[in-house]
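Structure, as structure tokens:
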There are 2 protein chains.
Amino acid sequence: MNKHTATSADVAALAGVSQSTVSRSFDPNSRISVATRQRVFEAAEQLGYQINKAAQTMIKKRSDLVGLVTAGLEDPFRSEFLHKLIIEVQNCGLRPMVMDVSDRETIDEELHGLIQYQLSGVIITSGTPSENIGKAFIRHGIPVVLVNRTEHSDEADIVNLDNEGAGEMAAKAFIESGKTNLVVVRSKKPSFSSVMRVKGFLNYLAPFLSGDKVNATEVLCDAGNYDSGYQIADKILTSQHKPDGIFFCMDHIACGFLDSAKRLVSPNEMSAIGVIGCDDIALASFRAYDLTTIRQSSSEIARASVETLLNRLQSPTSAPSKQAIPVELVYRSTLAKPQRTNIE
Amino acid sequence: MNKHTATSADVAALAGVSQSTVSRSFDPNSRISVATRQRVFEAAEQLGYQINKAAQTMIKKRSDLVGLVTAGLEDPFRSEFLHKLIIEVQNCGLRPMVMDVSDRETIDEELHGLIQYQLSGVIITSGTPSENIGKAFIRHGIPVVLVNRTEHSDEADIVNLDNEGAGEMAAKAFIESGKTNLVVVRSKKPSFSSVMRVKGFLNYLAPFLSGDKVNATEVLCDAGNYDSGYQIADKILTSQHKPDGIFFCMDHIACGFLDSAKRLVSPNEMSAIGVIGCDDIALASFRAYDLTTIRQSSSEIARASVETLLNRLQSPTSAPSKQAIPVELVYRSTLAKPQRTNIE
DNA sequence: TTGTAAGCGTTATCAC
DNA sequence: GTGATAACGCTTACAA
């Protein structure tokens, strides 16, 4: 019907009130007589009026958009995490604006462009963007939450998984199961998570290694995906010194390995080799794999990330927070839960 | 340094030009002397100036945001598709604002809220939103692209997969392989894609069915996921009349079925049963499954969807378009490519 | 090519 | 509780 979209002035005219009264009617905190608000709402309804967010943003100097910076969405864990983030952001009345920075030359430049949108905040879940870009946001008054990216920042809030704890947990599980010849596999390209996971793994093992009873090797595969796991199996299973416990920094790599292993060693032999993955993606629980793994709760991180952002919006000047979300060992068939522990 | 974010006026002051000259300098279509533009850019750089999108949107009456309406992101095909959409939207200088409408009571109401953002367009990939909501967008001048949702709309542009073609293709492959006792499995809850896939499957089979040589049964499983496929295997493989060809409307269901089948029938027996999935998600090519399937190119649909939107933005009044993206049969080990066809 | 000035549709600050 | 009125930062005629 109406050529142009209705504005608050149109509503005001129809309701027979001033434009500012219309504005107030849509603000729950404004005290307005019930009758007036009622009349305004009816007029608004009739005209199909919707607040113009651009105008609102201009005056409030803040939109209700939250930037979600991601990369590598082909990794199911990341994509699951993004999904959870989207839900969480929505649930608190904000709008997720997603930015994928995979394979981008000019990441920092493009990210800089987000400043134009007067975002309520930015949640950075990719390792790619430089440190500087976070600072640029903060300089423009846009809160930044760094997820699983770094140990420390004196400006941005931090939410991490307990990556190191995950590594330790895997190492502990192997030791408790009496495994002595251990391998830890991560992608060649170092990511914050994988490096910390390996670190935790080796740290836990350190005292055992010196006793010479246990040894541990770090193996690098090409990438963090199924195919790399498939390939790396040759290297691991045909070595002279076959391991009896393998920790993969990502479930996907572990699954590739498991499929590949079926060609290389007998089921019987394979059953003697403990395998632990990391993330607990959906695939890990499929019967074809039934992978023992360290569960990272994507919902928990998402919840914590958004909560952190909301806290920051409430108290913009408080000191940056930092938290690590705990992880959990899920026993499945690739490493059975030991009946009794071998160590105390 | 500067307390407040720099505006074009600040830049103008520093560059010694008028505010409108600054504005023009950032518009590639404006003709401005090289020297002036240079001077403006330097001043902008120095002040860390960024265009304020809210102000820009207000005057242009259109933001560069595109609404991506999704649901069921736990389905890997959907999540992969969303990923591709995000990339495509980014690549044409627009910004994806994602809205997940899964498990939402008040979908239409919430979607209505998107009107507030002066979106450049909305791409609806979920079946949940009602027809009306699309009309509401269009009434407000926001172009709508419907993806895999419906056969017809006289206002919105449509991009579909060739779902019916996919079903036909599967049926044809079975017939060519000499399979005669066929089953088609879809999720209990009807979705546009699965219903059309089944329709295509049965349509192609119709002439053979009447000859009584071939028969086909439709089986419903609980949901469109791995577990439902796992469960449905019992029903299918323990029936008196075991099928020799099964078409699953989603790869995920097929994979669950395949894992479950390993418990129920011997590998030898299983090798006589042809299985075809649909979508060609990453999982389908894993060695554990190596599933013959109908590939739907998520990149292609994403590309087509965004292209459709851009076309619409260029010519707002042209008649709504409709296209179907072709699909492709990928032979893997669950149904081998026949050497010669049995029919002409 | 550049400057001046008039909006765009809200919210916020005053009066009343 | 309500109504004027002044921003907010940009684009775009219109003038020069």
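For clarity, every value in this text was computed on a predicted model and none was experimentally measured. First the proteins, then the strands, lettered A, B, ... as listed; each starts at 1.
Residue B:Ala55 has its side chain nearest to D:dC10 when only D:dC10, C:dT1, C:dT10 are considered. In the set D:dT2, D:dC10, D:dT11, D:dC10 carries the atom at the smallest distance from any side-chain atom of B:Ser8. The B:Ser18 side chain lies nearest to C:dG3 when the options are D:dG3, C:dT11, C:dG3. For A:Lys61, the side-chain atoms get nearest to D:dC8 when compared with the rest of C:dT11, D:dC8, D:dT2.
Rounded to an integer number of Å, the gap from B:Asn52 CG to C:dG9 P is 16 Å. Here the C1' atom of nucleotide D:dT11 and the CD1 atom of B:Ile32 are 13 Å apart, to the nearest Å. Taking atom CZ of residue B:Arg31 and atom C1' of nucleotide D:dA13, one finds them 15 Å apart after rounding to whole Å. Note: CE (A:Met58) to C1' (D:dA7) measures 9 Å, nearest angstrom. Atom-to-atom, CD1 of A:Ile59 to C1' of D:dC8 comes out at 5 Å; the value is rounded to the nearest Å. Following rounding to the nearest Å, A:Ile51 (CD1) and C:dC8 (C1') show an atom-to-atom distance of 16 Å. Distance B:Asp10 CG to D:dC8 P: 11 Å, rounded to the nearest Å.
For the 3.5 Å distance criterion, the side chains of B:Glu80 and B:Ser298 qualify, holding a donor opposite an acceptor.
Within 4.0 Å (heavy atoms only), A:Ser20 reaches at least one base atom of the nucleic acid. At a threshold of 4.0 angstrom between heavy atoms, the contacts of A:Thr36 are confined to the sugar-phosphate backbone, with no base atom among them. Counting any heavy atom pair closer than 4.0 Å across all strands shown, A:Lys53 reaches no nucleic acid atom. Residue contacts shown for A:Tyr49 are limited to sugar-phosphate atoms, with no base heavy atom under 4.0 Å away.
No N or O donor and acceptor, one from the side chain of A:Ser23 and one from the base of C:dA12, sit under 3.5 Å apart. Between the side chain of B:Arg24 and the base of C:dG3, at least one donor-acceptor pair of N or O atoms lies under 3.5 Å. For a distance-only test at 3.5 Å, the side chain of A:Thr57 fails to qualify as a donor-acceptor partner of the base of C:dT10.
A donor-acceptor pair under 3.5 Å is formed between the side chain of B:Arg78 and the backbone N or O of B:Ala71.
A:Ser79 approaches B:Ser79 most closely through the heavy-atom pair OG-OG, 3.3 Å.
Centroid-to-centroid, the aromatic rings of A:Tyr49 and A:Phe26 come within less than 6.0 Å.
Of the charged side-chain nitrogens involved, none lies within less than 4.0 Å of a carboxylate oxygen, so that B:Arg95 and B:Asp64 do not count as a salt-bridged pair.
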